[in-house]
Amino acid sequence: MSGNQHKFRIGDPVWAKMKGFSPWPGKVCMPPSDIKRPAIKKQMHCVNFFGTNDFAWIEENNMKDYEQYKETLIKDKKTKQMANAIEEMEKYLKDRDSSHGMKDEDDEEFDNLVSGKEKAKKVARKPESRKRELNADSDSSASGPSSSSTAKKPKGRPQLKDRCKEEPSSSHSERDSSPVPGQFSGGVSVGKKSSAAVAGLLDRPTLARPVSPAIGMDLVTSSQTLREKDIQPSKLNFGFLGLGIMGSGMVKNLLNSGHTVTVWNRTTEKVRDYLEAGAKEALTPSDVIAESDITFSCVSDPQAAKDLVFGNCGVLQEINTTKGYVEMTGIDSDTSQDIAEAISLKGGRYLEAQIQGSKTQAQDGTLVILVAGDRSLFDDCQSCFQAMGKNSFYLGEVGNASKMNLVLQTMVGVTLAGLAEGMALADRAGLQQKDVMEVLELTGLACPTILGKGKAIIDGGFPTHQPLQHMQKDLKLSLNMGDQLEQPLPLTASANEVFKHAKRLGYGEHDVSAVYIRARF
């Protein structure tokens, strides 16, 4: 019966982890009528979270027994919401234990009968599967075909430890790290035989991919540009969600210009340096909202932005009439309007502030910021926009800024794809790429973007200033906008395929100039 050790039933107390958030106490429950199960072929349970009374479908490999992992996952430094959730959980356990003793022996006998019938049904349907099951039970280290055949049974499921061993280290894991490494893996195991078959079919060339360098930054020293601005910082409290390649530079300039900033990031390792530079730390996005008058968000994509707002312990939980929310993630207008509507319904103010620039501009405070939404919130953010960028443009109603940003990103993406193909053609023709760039620098095509990316192509290191996967995401959003408006975008579609292939080759986290790798084939 060890195979049922990690099988959860209705009423079981668990630690459940949603993507981007810490494990949270809850109980397995029957799903409400308005909570639909995601259409994915994975073992999932509906969980009712204590403290927030939210419901969510959680994959079984992202759930842990509450009592077993209680001491590990309860931190000394916990929020008031976590304390309330644990208090509700303990009350639930106390009530459940008091009623558990009333269970009759007839109920246990009935459970045994039910489990016995199910086993009989298995044997009747698959006579040979019983032998495989016995073999698997007799040798817990069995793997390969016997493991996969067991996984195909309606009720059979390998233990969590076994599944973690089968999952390769390069499986699709979540970007956030749990307090207990490896306990909540969001990876999807892939059969070795199928992977080998696919690799053989595609017959892709083996590439020596350079490692993308870490984001090293001096958080204490202000840039010369920032010192020349002579900014008068606002006395409001500000929050910032996301310390990625762009967010880290913007938070640095907010701190160095004298603003009070509370930060949150999916991975807590990045937060430590900012605490030493004067920032405050929050454990969840909702805590940042509670501590701040105005909160900025800059994460990877539209889905991540919506998860921060609508997820467990998310932004909406603490939004009220005194709060402002500024979305700086590169998103489409539909996503921006969805977030704006949710913020407005709770009485908050909303701005979309799309940014044009790369890591260097974010660190120097020379971004171009495209803003749309609540005008009063735009005015309250002026000192912050001065610290982050060289210009900020107010474009009216929500959606205009995201549309403008996608138009500009379309132009940049198509241009870089053309640059990569031109450099690949020069190399194939036996021309020196350095000579090509020297000539180009004397023509009307000379601009910082083309010259900078051309140099990166020649050097071959592709240090990340703007991630390639973010450019491909923007091209995809531009194509979606073109579909809605019935606007043909043939060049954008071609450029998107080139960037998509480069991303498929493993260069998603490298600079956009790594698109040259795809063009070279």
Side-chain angles (χ1 to χ4, degrees), residues 175 212 242 244-247 249-250 297-308 326-339 352-362 367-372 389 393 395 398-421 447-450 452-453 456 462 464-485 487-505 507-516 518-519:
R175 286 170 299 174
S212 183
I245 194 167
M246 300 298 289
M250 290 188 281
S297 171
C298 186
V299 289
S300 58
D301 54 43
Q303 187 57 51
K306 294 181 78 169
D307 288 344
L308 282 186
V326 183
E327 185 59 80
M328 305 190 79
T329 306
I331 57 177
D332 56 292
S333 60
D334 291 340
T335 299
S336 184
Q337 288 168 356
D338 289 343
I339 296 175
E352 57 174 7
Q354 304 292 281
I355 49 179
Q356 279 290 311
S358 63
K359 181 181 77 170
T360 302
Q361 285 76 43
L367 297 168
V368 175
I369 306 174
L370 311 172
V371 187
F393 296 91
L395 302 175
V398 173
N400 287 346
S402 55
K403 292 175 183 176
M404 175 75 79
N405 184 60
L406 290 180
V407 168
L408 296 175
Q409 288 297 91
T410 297
M411 297 177 183
V412 175
V414 172
T415 300
L416 292 179
L419 172 66
E421 287 196 355
C447 70
T449 297
I450 290 182
K453 301 310 177 187
F462 312 119
T464 307
H465 291 271
Q466 182 181 6
L468 184 145
Q469 60 190 1
H470 290 181
M471 175 59 73
Q472 193 271 321
K473 175 260 300 180
D474 289 337
L475 291 175
K476 179 179 66 175
L477 295 178
S478 297
L479 290 172
N480 292 339
M481 183 169 68
D483 289 341
Q484 294 174 0
L485 301 175
Q487 171 62 43
L489 299 172
L491 295 180
T492 306
S494 298
N496 180 56
E497 292 303 315
V498 174
F499 277 94
K500 190 192 301 182
H501 195 175
K503 179 181 174 183
R504 176 69 178 83
L505 293 173
Y507 283 82
E509 296 182 359
H510 289 74
D511 190 69
V512 289
S513 54
V515 71
Y516 169 73
R518 166 59 184 84

Please check this pair: side chain of [X] against backbone of [Y], looking for a donor-acceptor N/O pair closer than 3.5 Å.
| X | Y | value |
| --- | --- | --- |
| Thr492 | Leu479 | no |
| Ser336 | Glu352 | no |
| Lys473 | Gly330 | yes |

Does any part of the side chain of [Y], heavy atoms only, come nearer than 4.5 Å to the side chain of [X], both counted from C-beta?
| X | Y | answer |
| --- | --- | --- |
| His470 | Ser300 | yes |
| Val326 | Ser297 | no |
| Pro467 | Ile245 | yes |
| Gln354 | Ile331 | yes |

Can you tell me how far the [atom1] atom of [X] sits from the [atom2] atom of [Y], to the nearest 0.5 Å?
| X | Y | atom1 | atom2 | answer |
| --- | --- | --- | --- | --- |
| Asn405 | Leu395 | CG | CG | 10.5 Å |
| Leu475 | Thr410 | CG | OG1 | 6.0 Å |
| Ser513 | Gln466 | OG | CD | 10.0 Å |
| Met328 | Leu370 | CE | CG | 10.0 Å |
| Gln472 | Asn496 | CD | CG | 5.0 Å |
| Leu468 | Glu509 | CG | CD | 11.0 Å |

For the student: nearest non-hydrogen atoms of [X] and [Y], plus distance:
| X | Y | value |
| --- | --- | --- |
| Ala417 | Ala495 | CB-CB, 4.0 Å |
| Cys298 | Gly247 | SG-N, 4.3 Å |
| Tyr507 | Ala514 | CD2-CB, 3.6 Å |
| Leu367 | Gly357 | CD2-CA, 3.8 Å |
| Ala353 | Ile369 | CB-CG2, 4.0 Å |

Checklist entry - Can you check side-chain contact (heavy atoms from CB on, under 4.5 Å) on Phe499 and Leu416, steps first, answer last? => result CA-CA 10 Å; Phe499 277 94; Leu416 292 179; 4.2 Å; yes

Checklist entry - For Gln337, which residues count as a side chain to side chain donor-acceptor pair (under 3.5 Å) partner, sequence neighbours excluded? => result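 Partners of Gln337 under the side chain to side chain donor-acceptor pair (under 3.5 Å) test: none.
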
Item to check | Charged N-O contact under 4.0 Å between Lys453 and Asp511 | outcome: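 Yes, charged N to carboxylate O under 4.0 Å.
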
Item to check | Trace of the side-chain hydrogen bond (donor to acceptor under 3.5 Å, both in side chains) decision for Thr335 with Asp332 | outcome: CA-CA 6 Å; Thr335 299; Asp332 56 292; 2.8 Å; yes

Item to check | Pair Gln361-Val368, side-chain contact (heavy atoms from CB on, under 4.5 Å): steps then yes or no | outcome: CA-CA 9 Å; Gln361 285 76 43; Val368 175; over 6 Å; no

Checklist entry - Please walk me through it: do Met246 and Ile355 pass side-chain contact (heavy atoms from CB on, under 4.5 Å)? => result CA-CA 9 Å; Met246 300 298 289; Ile355 49 179; 3.8 Å; yes

Next on the checklist: Under 3.5 Å, is there a donor on one side chain and an acceptor on the other for Thr360 and His465?
Outcome noted: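 Looking only at side-chain atoms, His465 and Thr360 do form a donor-acceptor pair, the distance falling under 3.5 Å.
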
Checklist entry - Passes side-chain contact (heavy atoms from CB on, under 4.5 Å), Asn400 versus Val398? Steps please. => result CA-CA 6 Å; Asn400 287 346; Val398 173; over 6 Å; no

Checklist entry - Which residues satisfy the side-chain contact (heavy atoms from CB on, under 4.5 Å) test with Val407, sequence neighbours excluded? => result Met411, Met481

